[in-house]
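Written out below as structure tokens is the structure these notes cover.
Quick note on labels: first sequence line is chain A, next is B, and so on, each numbered from 1. Not measured: the values here are computed from a predicted model.
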Protein chains: 2
Amino acid sequence: MYHSQSRGPMDRAIAMPADAGETLFVQSEACESLCEIRCGIARAIDLSRDGERQVMAFFFPGDFLGLPLTIGHRFSAEAVGPLMFARHSSAKWQAELASPSQANANWASEAIWREEKAFMMRGLILGRVGALARVSAFLDYVMPRLPRDGQIIEFSLPQADIASYLALSPETVCRTLKQLREHRVIAMPRKNRLIMQRADQLAMIAQGTHI
Amino acid sequence: MYHSQSRGPMDRAIAMPADAGETLFVQSEACESLCEIRCGIARAIDLSRDGERQVMAFFFPGDFLGLPLTIGHRFSAEAVGPLMFARHSSAKWQAELASPSQANANWASEAIWREEKAFMMRGLILGRVGALARVSAFLDYVMPRLPRDGQIIEFSLPQADIASYLALSPETVCRTLKQLREHRVIAMPRKNRLIMQRADQLAMIAQGTHI
DNA sequence: CGATGAATTGAGAAGCGTCAAAGTACGTGG
DNA sequence: CCACGTACTTTGACGCTTCTCAATTCATCG
């Protein structure tokens, strides 16, 4: 990957707060701006014609979402919890893309890839068979991106969101987390707090190993 | 979407044939070239560390795949059946991206979006509950992209590929197609030949309606 | 006309969704 | 500081869906 340490030409934008559940942009509205997550987690939402709602992806600090690849936004975006984000002009992005600077193009590739990867990962995770493998693959994926205080990982994703993302019922997500706790793969000292006890085993379960 | 009628600055590349199952490029190898599908279907394959294989996406005529967003390819690509494709230099692509032409940038956005959409769609389809909804959503998605002769659609995807893509067993895919046939939603006069009898109903089933 | 791989069908077991109810955390207002 | 309401999580029981394994039929190609 290119230039992962730099935010490129859009460094100076000022971060704004958003409350839990707040909408950042709406599916199929014109791509006038794109968002950069600074702190907290955002979710990408698809609303199908019959009103069914799906969590398509989660975005974490450093990610860009809502890139103007099409005229209209391809999904809606919402804050999962309290969020800090920066809003950039799509026009500026387009200009940067077409600018004669190789550095900008590489930086754009990095941003695009981070967005695309989020969607690709959902497919890979949902491709696993069994709730245990799916939940484990999900944890394996999000863990490194969550804020941590030593061993303690701040795990403040509602299980309903995880369930929608993983195409499981909330009950199954809960039961599966319990199973992982009982086998001491993870520990949850409190709701929203998580400790990785056996990262290696989690990865193996994600790949289909029976517990 | 931008400029969907033009292939942009890479119009003139010569199409090459590939046999069924042939590899176009390999995951994590350097992105030296990217592929444009001219005729036939290609599949994107992910190989996880333990050797598990997943079909992540299908690509159709007009699609580009293997775009150099990262140093190495993010997936492997193979021909599903006999294929015609053009190979373009990644360096040329990067140069186009950084060129001062707005048209090129828009054309690049279009190509990126078509690749990203393929991955996004898998997530959306796998997000549906039940084999019937998943298979129906899949058919709804691929139908318009398959070559057709009047009513007859050439449907030459191995069920094993569909099963891997949908995270179902091949048997379930077979049984579900049979179910759709029995309810006269589709017809398959011969293997690899498909007729859409009730496109509207297929879309409804994809959204969760019971048959 | 056989040989090979793909598709089909059946039967049994396991896993997950659904529904319903109870428990827990957290913020609000008294 | 405590009582309360709300939203989320947890738990249990049951039925249906889907996976697995195995056998058979079907297409395609040499």
Side-chain angles (χ1 to χ4, degrees), chain A residues 19-21 41 43 52-55 78-82 125-138 154-182 186-194 205 208-211, chain B residues 19-21 41 43 52 54-55 80-82 125-139 154-182 186-194 205 208-211:
Chain A
D19 289 332
I41 304 175
R43 57 180 178 237
E52 198 169 297
R53 192 186 145 87
Q54 272 193 50
V55 175
E78 303 170 354
V80 172
I125 292 169
L126 289 182
R128 314 235 151 233
V129 286
L132 238 167
R134 288 223 277 263
V135 171
S136 300
F138 175 70
E154 191 188 320
F155 185 70
S156 44
L157 292 169
Q159 290 184 13
D161 281 349
I162 301 176
S164 172
Y165 180 85
L166 294 179
L168 297 171
S169 69
E171 292 91 335
T172 299
V173 171
C174 177
R175 281 187 252 261
T176 308
L177 286 174
K178 185 188 178 189
Q179 220 178 332
L180 289 172
R181 264 180 269 134
E182 285 171 351
I186 60 173
M188 297 178 69
R190 286 163 41 195
K191 208 174 294 191
N192 298 350
R193 293 282 181 281
L194 195 147
I205 297 170
T209 305
H210 273 314
I211 231 169
Chain B
D19 289 331
I41 305 175
R43 57 179 178 238
E52 198 169 297
Q54 270 193 52
V55 175
V80 171
I125 291 169
L126 290 182
R128 313 235 154 232
V129 287
L132 239 167
R134 288 224 277 264
V135 171
S136 300
F138 175 71
L139 289 179
E154 191 186 319
F155 185 69
S156 46
L157 292 168
Q159 290 184 12
D161 281 349
I162 301 176
S164 172
Y165 180 85
L166 294 179
L168 297 171
S169 70
E171 292 91 337
T172 300
V173 171
C174 176
R175 280 187 255 261
T176 308
L177 286 174
K178 185 187 178 191
Q179 218 177 333
L180 289 172
R181 263 180 271 137
E182 285 172 350
I186 60 173
M188 297 178 68
R190 285 164 41 197
K191 207 174 295 192
N192 299 348
R193 293 284 182 278
L194 195 147
I205 297 170
T209 306
H210 272 315
I211 230 168

Straight-line distance of M188(B) CE to L177(B) CG, nearest 0.5 Å:
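Taking CE in M188(B) and CG in L177(B), the distance rounds to 6.0 Å.
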What distance do L139(B) atom CG and I186(B) atom CD1 have between them, rounded to the nearest 0.5 Å?
5.5 Å
On DNA chain C, compare the nucleotides closest to R134(A) and P170(B); which residue's is nearer the 5' end?
P170(B)
Here's a test of your reading of the structure: between H210(A) and R181(B), which maps to the more 5' nucleotide of DNA chain C?
R181(B)
Contacts of type side-chain hydrogen bond (donor to acceptor under 3.5 Å, both in side chains), residue [X], not counting sequence neighbours:
X	value
S156(A)	none
R128(A)	none
R181(B)	none
R134(A)	none

Provide the closest heavy-atom pair for [X] versus [Y] in the form atom of the first, atom of the second, distance.
X	Y	value
C174(A)	Q159(A)	CB-OE1, 3.4 Å
P158(A)	V80(A)	CD-CG1, 3.7 Å
A163(A)	S169(A)	CB-C, 3.8 Å

Categorize A163(B) for me: base, sugar-phosphate, or nothing, with a 4.0 angstrom heavy-atom threshold over every strand shown.
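Result for A163(B) = nothing.
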Could you list the residues that satisfy salt bridge (Lys or Arg N to Asp or Glu O under 4.0 Å) with E171(B), not counting sequence neighbours?
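Partners of E171(B) by the salt bridge (Lys or Arg N to Asp or Glu O under 4.0 Å) criterion come out as none, since no residue qualifies.
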Which residues pass the salt bridge (Lys or Arg N to Asp or Glu O under 4.0 Å) test with R193(A), not counting sequence neighbours?
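For R193(A), no residue satisfies salt bridge (Lys or Arg N to Asp or Glu O under 4.0 Å) once neighbours in sequence are set aside.
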Outermost DNA chain C nucleotides near chain B [under 4.0 Å, heavy atoms]
dA7(C) to dA11(C)
Bend angle of the helix from dC1(C)-dG30(D) to dG30(C)-dC1(D), end axes from five pairs each (to 10°)
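Computed angle between terminal axes is 40°.
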Between T172(B), L166(B), I125(B), I205(B), which is the residue that forms a side chain to side chain contact (heavy atoms under 4.5 Å, CB included) with V135(B)?
L166(B)
Taking 5' to 3' order, which nucleotide of DNA chain D is first and which is last to have an atom within less than 4.0 Å of a heavy atom in chain A?
dT9(D) to dA13(D)
Is the shortest side-chain heavy-atom distance between I162(A) and F155(A) below 4.5 Å?
yes
Could you check if a side-chain atom of F138(A) sits within less than 4.5 angstrom of a side-chain atom of T176(A), using non-hydrogen atoms only?
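Sidechains of T176(A) and F138(A): no contact.
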Which residues in residues 173-180 of chain A have a heavy atom closer than 4.0 Å to any atom of DNA chain C?
R175(A)
Check each residue of residues 125-133 of chain B for a non-hydrogen atom within less than 4.0 Å of any atom in DNA chain C, then write out the ones that pass by number, or none.
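When residues 125-133 of chain B is checked for heavy atoms under 4.0 Å from DNA chain C, there are no hits whatsoever.
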Nearest-nucleotide 5' precedence on DNA chain D, S169(B) against R190(B)
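Its nearest nucleotide being more 5', the pick is S169(B).
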Can you sort out the partners of A187(A) under side chain to side chain contact (heavy atoms under 4.5 Å, CB included), two or more places apart, ordered by chain and number?
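Result, side chain to side chain contact (heavy atoms under 4.5 Å, CB included) vs A187(A): I195(A), Q197(A).
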